[in-house]
S.K.: 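First, the structure itself, so that you have it in front of you.
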Amino acid sequence: MGLSLKEKVMIATGATPNPATQPAGVPETVAELKGHEQVNPPMNRPVMEWLERYNAEFDDALPAHIDRSTFFAAVRSLLPTLAKCTPASTLDALLACARFGLVPDGRHAVIVREGKLARFIPMADGYVDLMCRGEVQSVVVGVVHENDRFEWVPTARLGEDLVHVPARGMKSERGEATHVYAFAWFRNGNRSGAVVLDREEAEEIRNEHSRAYQEAVAEGREDSYWHRFFLQMWKKSAVRRLPKYVRMSAELLTALMQADDAGEAGEAQSFHAPDPETARLLAEAEAASRAAEASQDAPAPTTTRRLPVKRSQPRRKPSRRARRGRTRAA
């Protein structure tokens, strides 16, 4: 029996699965999945079983220091959210997260739902993790409250430019958060410049760049990630500005920021982080380039050439014959 016009329209718009082409409820390959708008099965177990069909894709995407079981352990806590998202957006978001070597644990990255779409959002610890794969030893992120002592002089010497002394007493007695700052310690013991964002700057970033927040406000909702986790997004915004003081792979940073911006804008996130070998070669090339620049900036060693000194000859006395000649002439 053929499909009715209403059923064909519903299938074309993704409102319901096509029983003829999707008997199992999910596409069989990644290529077939892209752009598909069918919603995942509502039960958690079927979603996990479906994701396990793409074990090979996740093994290829994840770096060596993160195994698939660790990654999927974090994904399991997201199953109630993922069960309501489309397969295409779910796979895109999780593979984007895996390619950057980030675990969706809420600290390094999160997977959020916007309507029927899953979105990958890297968090502050995710950016820190990528920075620490290079010259950075650690990153300090601090939150300043109203009653804290806080001084920041951007033009002062590093180490003297920022002073933060938290107020004594209970955390609730410190007042509202007013600033977030971030700086990095390098492996050679040096410190980077500090990034400082006040609340007004964080709200400006949220209002101008987060499409999810804008849509939530327009619809009278308060369920966007900026609504629910303002401080965490504030911290991430500060850390995200650190690369102007920290050297890291430009390609890796650009790819992560593009994926982050796409998630904020509600766009597709099919971005590929450079594979580990490419990232290693890029790091070596950048290190060699910096060494070459340093050698050009350093003054050339000067070699002082000692000129031969002409020795003065002792004055010789005139001979006896010459003295006689002068006497006769006189």
Side-chain angles (χ1 to χ4, degrees), residues 40 44-45 47-52 54-55 57-85 87 89-114 117-134 136-143 180 182 184 206 210 212-213 223-240 242-243 248 252-253 255-264 269-273 276 279:
N40 285 344
N44 293 348
R45 185 174 178 181
V47 175
M48 207 65 217
E49 292 176 352
W50 169 73
L51 283 175
E52 289 172 354
Y54 299 94
N55 284 346
E57 283 76 13
F58 282 101
D59 287 339
D60 290 341
L62 287 166
H65 67 280
I66 300 178
D67 57 41
R68 178 166 32 88
S69 60
T70 301
F71 186 84
F72 277 179
V75 172
R76 285 187 178 88
S77 64
L78 305 173
L79 293 180
T81 297
L82 299 181
K84 301 176 183 179
C85 299
S89 65
T90 297
L91 197 61
D92 266 345
L94 291 176
L95 283 176
C97 189
R99 290 185 185 110
F100 289 104
L102 303 179
V103 177
D105 55 4
R107 296 184 303 107
H108 294 84
V110 294
I111 307 296
V112 299
R113 179 175 67 88
E114 297 176 9
L117 301 178
R119 296 298 183 200
F120 156 64
I121 299 180
M123 300 302 290
D125 284 2
Y127 279 95
V128 170
D129 184 71
L130 264 64
M131 292 179 195
C132 290
R133 297 176 193 177
V136 176
Q137 179 70 35
S138 62
V139 174
V140 176
V141 182
V143 180
V180 167
R206 175 198 64 188
S210 177
Y213 175 81
D223 58 353
S224 72
Y225 210 78
W226 270 100
H227 276 108
R228 294 180 292 137
F229 303 100
F230 178 79
L231 183 58
Q232 288 86 333
M233 296 297 283
W234 188 355
K235 289 180 180 179
K236 184 188 81 168
S237 299
V239 172
R240 196 177 146 155
L242 261 184
M248 61 182 293
L252 185 63
L253 177 63
L256 182 63
M257 286 187 170
Q258 285 178 341
D260 193 2
D261 291 340
E264 290 280 9
Q269 294 179 291
S270 300
F271 294 95
H272 294 262

S.K.: For Phe229, check ring-ring contact (aromatic ring centres under 6.0 Å, His included) against everything at least two apart and list the hits.
M.R.: Tyr225
S.K.: List the residues meeting side-chain hydrogen bond (donor to acceptor under 3.5 Å, both in side chains) with Asp59, not counting sequence neighbours, and say none if there are none.
M.R.: Arg68
S.K.: Look up atom CD in Glu114 and atom CG in Asp223, then write down how far apart they are to the nearest 0.5 Å.
M.R.: 9.5 Å
S.K.: Using 0.5 Å steps for rounding, measure from the CG atom of Leu102 to the OH atom of Tyr127.
M.R.: 9.5 Å
S.K.: What residues form a side-chain contact (heavy atoms from CB on, under 4.5 Å) with Arg113, not counting sequence neighbours?
M.R.: Thr81, Lys84, Cys85
S.K.: How far apart are the closest heavy atoms of Lys235 and Val180, and which atoms are they?
M.R.: CA-CG1, 3.9 Å
S.K.: If I compare all heavy atoms of Ala93 with all of Arg119, which pair ends up nearest, and what's the gap?
M.R.: CB-C, 4.0 Å
S.K.: Taking only residues two or more places apart in sequence or in another chain, which ones pass side-chain hydrogen bond (donor to acceptor under 3.5 Å, both in side chains) with Ser224?
M.R.: His227
S.K.: What distance do Gln232 atom CD and Ile121 atom CD1 have between them, rounded to the nearest 0.5 Å?
M.R.: 12.0 Å
S.K.: Drop me the distance from Ile111's CD1 to Thr90's OG1, to the nearest 0.5 angstrom.
M.R.: 9.0 Å
S.K.: Who passes side-chain contact (heavy atoms from CB on, under 4.5 Å) against Ala98, sequence neighbours left out?
M.R.: Phe58, Ala61, Leu62, Phe71
S.K.: Just to verify, what does Val136 make a side-chain contact (heavy atoms from CB on, under 4.5 Å) with, not counting sequence neighbours?
M.R.: Met131, Cys132, Val139, Ala184, Phe186, Val246
S.K.: Which heavy atom of Met257 sits nearest a heavy atom of Pro243, and at what distance?
M.R.: CE-CG, 4.4 Å
S.K.: Testing the basics here: between Tyr213 and Trp226, what is the closest heavy-atom pair and its distance to 0.1 Å?
M.R.: CD1-CB, 4.0 Å
S.K.: Keeping Asn55 on the side-chain end and Glu52 on the backbone end, is there a donor-acceptor pair under 3.5 Å?
M.R.: yes
